[in-house]
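Remember, it's a predicted structure, so these values are computed and weren't measured experimentally. Positions are given from 1 along the sequence.
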Amino acid sequence: MTFFVLLSLYEPRHGYAIIQFVEEKTKGRLVLGAGSLYGAIDSLCKKEWIELYDDSDVRKKEYRITELGKEIANRELNRLNELSRIAEDIIGG
């Protein structure tokens with residue numbers, strides 16, 4: 001879930017837009033609940049992987065990924081690619 005939240009915030013988005021992004025990109029395989037999402041947002045802000053971008057509308061706070069968050073997302077992408085290569089070697093493909 002964290003990886004998809006980071007990916008969604010390469011463009012500033014508010015909570016509901018993050019939920020829509022993740023559901024669309026995963027073709028419905030991952031559906032975030034509001035409680036899970038806002039817990040993740042809080043955690044990611046504390047880690048400084050994302051930041052508040054715009055809170056002028058109190059109902060729709062927008063967030064965006066930080067440079068540190070981009071580094072983390074890139075590391076995760078590399079890890080997933082390596083995992084995929086290992087699986088292909090074992091399974092064939």
Side-chain angles (χ1 to χ4, degrees):
M1 173 181 87
T2 299
F3 187 51
F4 279 105
V5 172
L6 290 174
L7 292 176
S8 74
L9 294 175
Y10 271 77
E11 294 180 11
R13 286 188 167 85
H14 55 79
Y16 184 66
I18 295 169
I19 290 170
Q20 289 179 310
F21 174 93
V22 171
E23 190 169 349
E24 177 188 321
K25 294 298 181 185
T26 65
K27 296 180 173 56
R29 290 186 307 271
L30 180 58
V31 178
L32 302 178
S36 297
L37 175 62
Y38 288 105
I41 286 173
D42 185 52
S43 175
L44 294 172
C45 282
K46 287 178 183 173
K47 292 178 180 179
E48 298 182 352
W49 295 2
I50 67 172
E51 63 188 3
L52 184 61
Y53 175 72
D54 181 11
D55 65 350
S56 59
D57 181 346
V58 293
R59 295 173 297 139
K60 291 184 180 181
K61 293 181 181 177
E62 287 190 327
Y63 298 88
R64 68 177 171 192
I65 192 168
T66 63
E67 288 303 314
L68 177 58
K70 289 177 182 179
E71 288 176 30
I72 298 300
N74 193 51
R75 282 191 222 151
E76 180 63 2
L77 177 59
N78 290 335
R79 187 189 72 80
L80 292 169
N81 284 333
E82 180 63 20
L83 181 64
S84 179
R85 283 191 293 278
I86 292 168
E88 285 177 8
D89 288 346
I90 294 168
I91 296 170

Co-membership, hydrophobic cluster, residues Y53 and Y10, 4.5 Å side-chain
no

D55 versus K61, closest heavy-atom pair with distance:
CB-CG, 4.0 Å

Looking only at non-hydrogen atoms, find the nearest pair between G69 and L6 and report the distance.
O-CD1, 4.2 Å

More than 12 heavy atoms of other residues, nucleotides or ligands under 6.0 Å from CD of E11: yes or no?
no

Donor-acceptor pairs are to be reported for all side-chain atoms of residues 31-43 against protein atoms at under 3.5 Å, with residues two or more places apart or in another chain.
| from | atom 1 | to | atom 2 | distance (Å) |
| --- | --- | --- | --- | --- |
| D42 | OD2 | K46 | NZ | 3.2 |

Hey, is the main chain of E51 close enough, under 3.5 Å, to the side chain of T66 for a donor-acceptor pair?
no

Just wondering, more than 12 heavy atoms not from Q20 lying within 6.0 Å of its CD?
yes

All heavy atoms of R13 vs all of I18, minimum pair found to be CB-CG1, 3.9 Å

Within this structure, what is the CD-CG distance for the pair E62 and D57, rounded to the nearest 0.5 Å?
9.0 Å

Minimum-distance pair of heavy atoms, taken over all atoms of W49 and T2
CZ3-CG2, 4.2 Å

Taking it one step at a time, do F3 and L80 satisfy side-chain contact (heavy atoms from CB on, under 4.5 Å)?
CA-CA 11 Å; F3 187 51; L80 292 169; 3.7 Å; yes

Answer yes or no: is there an ion pair linking E82 with R85, defined by an N-O contact shorter than 4.0 Å?
yes

Before giving the answer on salt bridge (Lys or Arg N to Asp or Glu O under 4.0 Å), spell out for R79 and E76 the whole-Å C-alpha distance, their side-chain angles and the decisive distance to 0.1 Å.
CA-CA 5 Å; R79 187 189 72 80; E76 180 63 2; 2.8 Å; yes

Just how far is it from atom CD of E88 to atom CG of L83, taken to the nearest 0.5 Å?
10.0 Å

For F21 and S8 the tightest heavy-atom approach is CD2-CB, 3.2 Å

According to a 4.5 Å side-chain heavy-atom criterion applied to Ile, Leu, Val, Met, Phe, Trp and Tyr, with indirect links allowed, do Y16 and F4 form part of one hydrophobic cluster?
no

